[in-house]
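This one's a predicted model, so the numbers in the text were calculated from it and none came from an experiment. Chain A is the first sequence line, chain B the second, and so forth, proteins listed ahead of strands; every chain is numbered from 1.
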Amino acid sequence: MKTIKQALLGATSALVLFTAAPNLAKADELTLCWAAWDPANALVELSKDFTAQSGTTMKFEFVPWPNFADRILNELNSGGKLCDLLIGDSQWLGGSAENGYYVKLNDFFDKEGIKMSDFADAAVNAYATWPKGTPNYWALPAMGDANAWFYRKDWFAKPEIQAEFKQKYGRDLAAPATWDELKQVAEFFNGRKMDGKKVYGAAIFTERASEGITMGASSALYPYGFKYENTPGKYDMEGAVNSPDAVAGLEAYKALYKCCTPPGYTDAYMGESLDAFKSGQVAMAMNWFAFFPGLYKDEKVGGDKIGFFVNPKEKVAASTLGGQGISVVANTDNMEGALAYIKWFAQPDVQKKWWSLGGYAVHKAVLTDPSFPESQPFAADFLVAMNQVQDFWQEPSYAILLQAMQKRLHDYVVADKGTAKEALDGLVNDWTEVFKDDGKL
Amino acid sequence: MTDTSSSLLGKAAKATPAPIASRIRGISDRSMAWLFITPAIALLLAINIFPLIWAIYLSFTNFRANRPNAPIEGVGLSNYSRVLNDPNIWQAMQTTAHFVFWTILLQTLIGFSLAYLIDRKFRGHAFWTTVILVPMMLSPAVVGNFWRFLYQPQIGLFNYIVSFITGIPPSSFEMLGSVPLSPWAIIIVDTWMWTPYVMLICLAGLRSIPDYIYEAAEVDRASLWRQFWSITLPMALPFIMLAVLFRGIENFKMFDMVTLLTGGGPGSTTEVASITLKREAFESWRTGRASAFAIILFVAVFGLANIYVKALNKVKQR
């Protein structure tokens, strides 16, 4: 018996030493998880300053967008220790807060004097709080983003094109301000020969598997008047989700898809939109602001050849929200280090540098600087967009809600199944079932 | 002399290591067998049996893997009832049945025909056999991406070939984005990739037919057609049925090719059961309901496969 006890004691000690050793080794190292895209590269550059100041080595785990949610949510659900810090999608806040995946940051913010009032209100609401409208903070707004548009400014500027457009529509050819104008411009360019090549009207989002078509179509739905609920927080969706305005918005999106996208554009998201524009296939394209610095620098289509515009309005001005907040993963072994990074990142000077490197800072010190609108060709549009953003459900069941919308929209827009009204009616039924399961209805 | 020899034998006996079993005293041969088998059984239980039992248990609960802190409550047969009453699930099952039927039909017909031709041993048959086998050797990821390019309406070779033959403009149709064409786009790729597999099994069947049977048929002046119907086909049938069984089970689980080519779209046109299951389990995180669906699929495949194997055994006994 004594021998067994000694053996157990020995084994336990060995286990403790074995598991403690990597912790000690990791004490000076932080792993930050995010999606693999242009702003992530800017963050790597920015974080060198943190390493220089704190001595903490930064490791990065960047996951390609199509796999980002699967990979990271699996990591969180399984209690993995890959990420100390996570820049996660806004939709994940509800679930991550309720399941205890993120550290609540209120006490830390109070202690360190980090004020949420220093950040843009819409960004705080979208990227940091849960439940919505309450001062419960689970993230620091890290990367403001919205869906917007870019176009071939050089094509628009051609005198013969200008003249033809004016003759046809009775107005100057310019960046469209409404969805009706957007469709006209797209139709005008569609099938036209530009620079000796047949081109198409617009590249929009139609992707089925993750969130593509939802993000794209909501850029039409919101301006036409789509609402998730009649009364915020009541989940009364009938007459809001499937209102006549919402139907008109969805029909407008389908009309744009049918008339003016390049052939084979049935499952397209960010990458496909960028490819279509960079290869000179389309006159206009939608995408997230995050890609605009890279587009502007592009030698073939950037610089003087590219123009930017905020998502066109129709009945109201609205844009689809992107962007993320940075959270501390509750399972981290390096809580102090992770909080130190948040504290460093929240500083106005760091935020200014973040913007200059290509990250979309939403600190008021950056946004309210008088020089901000002229700091980049798309900065003024970014300010407009961030003041009119609307976001998808941030409920813990957001994934089921998103899957339902992806299916309904793709069935209607791409697969020609049923009408817009039937698609939205079906969506109300799907979402009602989810909220009933959650005990919210 | 005797003494010397006996001492040498004794030394040799001492130097020879005793069998392991006799050195581990008290262990019988049966126990030794269990000792060797136990790790394999433990592994089997851990990897196959326990997850199956666990999935059966979860299928009667409201468990969601993304809400580990929420209490797990029993919901009786509710998950099964909701799965069986979900029109999306039935649509996925219908889509799966469509794929399984057409892929098996085409692969069996083409695979057997190729095997029959290869079995004739024409000049260069070994080279052509290798060429035919190439698609099967490729990774599904490579095949999926490769065919995505081929199907691209603006630059893809497939549309140009169709255009060359039919005169339809290449960019006027989309194999992957069109509701009527997208299921066929996947069936074509799966057939291209897996017909060689069916061909190999059929070839084994054809090569197993003894030559003297054909010789006897020729003596009886049986025509080639008669030989085919009375000798070749019946004797190769168990092999053909085996190929159908393997491909049927594989295609019922079809996932990678559909994901790579269409992702289940356009809309839900090509959403097969395995994709619906993945979405339910790892995107919507309705683990209980996904478990119920998985159990239903398992029972369906297991049941159908059992019936089929019984039929196969009957054919073999003829």
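Of the two parts of B:Thr262, only the backbone, made up of N, CA, C and O, holds a non-hydrogen atom closer than 4.5 Å to a non-hydrogen atom of chain A. A:Asn99 touches chain B through backbone and side chain together, each having a heavy atom under 4.5 Å away. Of the two parts of B:Asn62, neither the backbone nor the side chain holds a non-hydrogen atom closer than 4.5 Å to a non-hydrogen atom of chain A. If you measure heavy-atom distances from B:Pro153 to chain A, the contacts under 4.5 Å come from the side chain alone. Residue contact with chain B, scored on non-hydrogen atoms closer than 4.5 Å, is absent for A:Tyr412. With a 4.5 Å cut-off on non-hydrogen atoms, B:Arg279 touches chain A through its side chain but not through its backbone. For A:Ser397, the parts sitting under 4.5 Å from any heavy atom of chain B are the backbone and the side chain alike.
Within the structure, every pair that satisfies the ring-ring contact (aromatic ring centres under 6.0 Å, His included) test and touches residues 61-86 of chain B, not counting sequence neighbours, is listed here: B:Phe60-B:Tyr80.
Per-residue counts of heavy-atom pairs under 4.5 Å with chain B were compared for A:Glu98, A:Gln281, A:Lys407, A:Glu207; the largest is that of A:Lys407. Counting heavy-atom pairs closer than 4.5 Å to chain B, the top-ranked of the candidates A:Asp416, A:Val414, A:Thr266 is A:Thr266. Top candidate by heavy-atom pairs under 4.5 Å with chain A, chosen from B:Gly264, B:Ser182, B:Gly177, is B:Gly177. Interface check for chain B: of the options A:Val434, A:Leu76, A:Asn74, A:Leu73, the most heavy-atom pairs under 4.5 Å are formed by A:Asn74.
Contact check for B:Lys253 versus B:Glu250: side-chain heavy atoms found under the 4.5 Å cut-off.
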Step-by-step side-chain hydrogen bond (donor to acceptor under 3.5 Å, both in side chains) determination, A:Asn242 to A:Asp425: CA-CA 6 Å; A:Asn242 54 356; A:Asp425 286 346; 2.8 Å; yes
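Within residues 280-291 of chain B, the residues approaching chain A closer than 4.5 Å by heavy atoms are, in numerical order, B:Phe282, B:Glu283, B:Ser284, B:Trp285, B:Arg286, B:Arg289.
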